[in-house]
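Quick note: numbers below take in every heavy atom, side chains included, and nothing from hydrogens, waters or symmetry partners. Atoms within each ligand, like the ligands themselves, are counted from 1 in listed order.
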Amino acid sequence: MKRPIFLDHNSTTPTDSRVVEAMLPYFTDAFGNPGSSTHKFGWEANAAVETAREQVAALIGASADEIIFTSGTTESNNVVLHHYFTKYGVENPEFIFSSIEHKAVLEPIHSLKKHNQIIHLLSVDGQGNIDFSELEKQLSGKTALLGLIYANNEIGTIQDIAKIGELAKERNALFFSDAAQAVGKIPVNVEHDKVDILTISAHKMYGPKGIGALYLRRKKPRVSISPLTFGGGQEKGLRSGTLNVPAIVGFGKACEIAKSEMESDSGRIKILRDLFEEIVCGKISDVQINGNKKNRLPNTSNLTFPSIKSSKLASELKQIAVSAGSACLSADNEPSHVLKSIGLTDEWARKTIRIGIGKYNTPEEIEFSANYLAETVQKLS
Ligand SMILES: *Cc1c(COP(=O)(O)O)cnc(C)c1O
């Protein structure tokens with residue numbers, strides 16, 4: 001069977017061949033443990049890790065000593081939330097998040113929250129943006145952590161992170177952002193955005209799976225977090241365990257490529273996404289585009305077809321790979337909390353699919369896929 005056209009790049013991306021190329025020597029000849037300080041094997045592995053650390057830092061405007069390698073955004077988020085929910089030395093601390101955080105934020109909160117801790121979940125408008133004045137009201141001297149998803153994985157809505165970071169700074173609140181979908185697609189700069197803690201995954205930006213980073217600001221303020229795992233003291237004691245050198249090297253390479261090519265890739269991808277929506281909307285009148293049309297990830301299209309259930313539609317769409325409803329939880333039947341937060345009913349949330357275009361998709365693929373989707377919706381309605 002011919003493989004479908006992959007249009008689910010918000011769930012993961014193929015690894016760029018230049019990234020694979022860069023990784024290969026670190027499986028074979030240069031297999032050393034970067035923690036070995038007595039021989040060349042260790043030195044060359046350590047040098048490669050430190051180069052990667054600089055490449056990751058450079059992409060987000062950080063310095064290398066502010067980057068901790070982890071297995072990805074889920075782990076990074078968990079370390080951060082574990083610290084602030086279990087080690088924060090203030091009575092009755094308050095936390096602010098949005099209602100459209102990824103499960104990799106909402107679930108740790110759910111499992112860690114204690115009775116004396118107050119959590120404000122900011123609502124979002126119909127486009128998926130938080131209400132700035134609600135945030136202004138909730139931010140107080142008791143806020144232990146403000147955490148907001150940089151760009152939403154389902155609807156693509158980008159928050160006004162720099163404006164929010166400015167307010168957080170004024171109010172002396174620590175600002176944490178899950179940027180798994182943003183980094184590599186749009187410019188992210190921790191200085192400009194005044195973010196103190198930021199989390200990333202390599203596999204969302206053409207790097208390997210199972211590797212990512214935690215950015216922790218070193219100055220003004222110096223963010224200090226307690227570890228979840230203990231052992232050899234790697235990554236400044238924050239994440240013990242022998243480093244995954246090939247994956248780290250690949251992550252670094254993916255960041256280097258993104259830094260030089262992201263702008264042109266995203267420009268091209270946005271044209272494809274807009275073409276996709278134009279074709280679909282031209283053929284189907286009964287369709288709703290979700291998310292903030294003016295400030296959305298360039299690759300993301302979240303579409304509701306009120307005439308058909310997305311589970312049925314997705315299984316019928318054999319020639320294209322798209323996501324039905326909530327991506328990471330395609331297995332569970334709960335309608336997406338993100339779609340509900342922007343005002344969709346359960347029923348409409350179950351009639352929504354997400355398309356995530358990637359840098360290897362061609363205009364021909366996009367034209368074919370849009371027509372094929374529209375025809376399939378017509379056929380099933
Ligand atoms: C993919 C994703 C995650 C989880 O990343 P992992 O690499 O699976 O740990 C977290 N947050 C957002 C916004 C994501 O898109």
Side-chain angles (χ1 to χ4, degrees), residues 6-15 19 56 60 67-82 97-111 121 124 128-130 147-159 161 175-186 188 193 195 197-215 228-229 239 244 247-248 250-251 254-255 258 290-292 295-302 322-323 325-332 336-339 341-342 354-358:
F6 189 71
L7 296 177
D8 195 11
H9 289 84
N10 292 19
S11 71
T12 195
T13 58
T15 311
V19 168
V56 174
I60 60 168
I67 302 296
I68 304 290
F69 289 114
T70 68
S71 67
T73 304
T74 302
E75 181 188 333
S76 296
N77 290 353
N78 271 270
V79 177
V80 171
L81 295 167
H82 175 264
F97 301 98
S98 79
S99 61
I100 60 165
E101 296 305 303
H102 191 274
K103 293 273 175 171
V105 168
L106 293 176
E107 290 302 314
I109 295 172
H110 182 69
S111 111
L121 275 195
V124 295
N129 288 102
I130 63 147
L148 293 175
I149 188 167
Y150 203 115
N152 186 267
N153 49 301
E154 289 185 48
I155 54 177
T157 295
I158 301 166
Q159 300 300 329
I161 293 291
F175 184 24
F176 152 56
S177 184
D178 173 340
Q181 290 293 340
V183 174
K185 295 194 187 83
I186 56 172
V188 170
D193 295 336
V195 173
I197 302 171
L198 188 104
T199 57
I200 329 173
S201 288
H203 73 103
K204 301 281 175 77
M205 44 175 292
Y206 307 95
K209 292 174 182 58
I211 190 75
L214 168 59
Y215 157 80
L228 260 179
T229 50
R239 210 252 186 180
N244 185 348
I248 289 170
F251 182 20
C255 288
N290 301 307
N292 185 333
N295 201 11
R296 192 165 48 136
L297 289 174
N299 80 319
T300 304
S301 179
N302 188 283
V322 302
S323 161
S326 171
C328 304
L329 294 165
S330 296
D332 93 23
S336 148
H337 68 283
V338 174
L339 297 174
S341 289
I342 60 168
R354 180 190 67 187
I355 287 98
I357 296 171

(request) Considering the heavy atoms of I149, write down every atom of ligand 1 situated less than 4.0 Å from one of them. (result) 13 (C)

(request) Have a look at H102, Q181, E154 and point out the one with the heavy atom closest to atom 12 (C) of ligand 1. (result) H102

(request) Tell me which part of K209 gets within contact of ligand 1: side chain, backbone, both or neither, using heavy atoms under 4.0 Å. (result) neither

(request) Record the part of E75 in heavy-atom contact with ligand 1 below 4.0 Å; permitted values are side chain, backbone, both and neither. (result) neither

(request) With sequence neighbours excluded, tell me which residues meet side chain to side chain donor-acceptor pair (under 3.5 Å) with T15. (result) none

(message) Please classify the N152 to ligand 1 contact at 4.0 Å (heavy-atom distances, strictly less than): side chain, backbone, both or neither.
(response) neither

(message) Heavy-atom pairs closer than 4.0 Å: do any link ligand 1 to the side chain of T73, the backbone, both, or neither?
(response) both

(request) State whether the side chain of N152 and the backbone N or O of I100 hold a donor-acceptor pair below 3.5 Å, judged by distance alone. (result) yes

(request) May I ask you to decide if the ring planes of F251 and F69 are parallel, tilted or perpendicular, using 30° and 60° as cut-offs? (result) perpendicular

(message) Show the nearest heavy-atom pair for residues F6 and H9, with the distance to one decimal.
(response) O-CE1, 3.1 Å

(request) Enter the distance from T13:OG1 to H203:NE2 here, rounded to the nearest 0.5 Å. (result) 8.0 Å

(request) Examine H203 against ligand 1 and note whether any of their N/O atoms are separated by less than 3.5 Å. (result) yes

(request) Have a look at G210, G212, S201 and point out the one with the heavy atom closest to atom 6 (P) of ligand 1. (result) S201

(request) Could you tell me which residues satisfy side chain to side chain donor-acceptor pair (under 3.5 Å) with S301, sequence neighbours excluded, listed by chain and number? (result) E277

(request) Identify which one of V183, D178, L214 satisfies the side-chain contact (heavy atoms from CB on, under 4.5 Å) criterion when paired with L198. (result) V183

(request) Just jot down the ligand 1 atoms closer than 4.0 angstrom to any heavy atom of D178, in number order. (result) 10 (C), 11 (N), 12 (C), 13 (C)

(request) Check each heavy atom of T74 against ligand 1 and say whether those closer than 4.0 Å belong to the side chain, the backbone, both or neither. (result) both

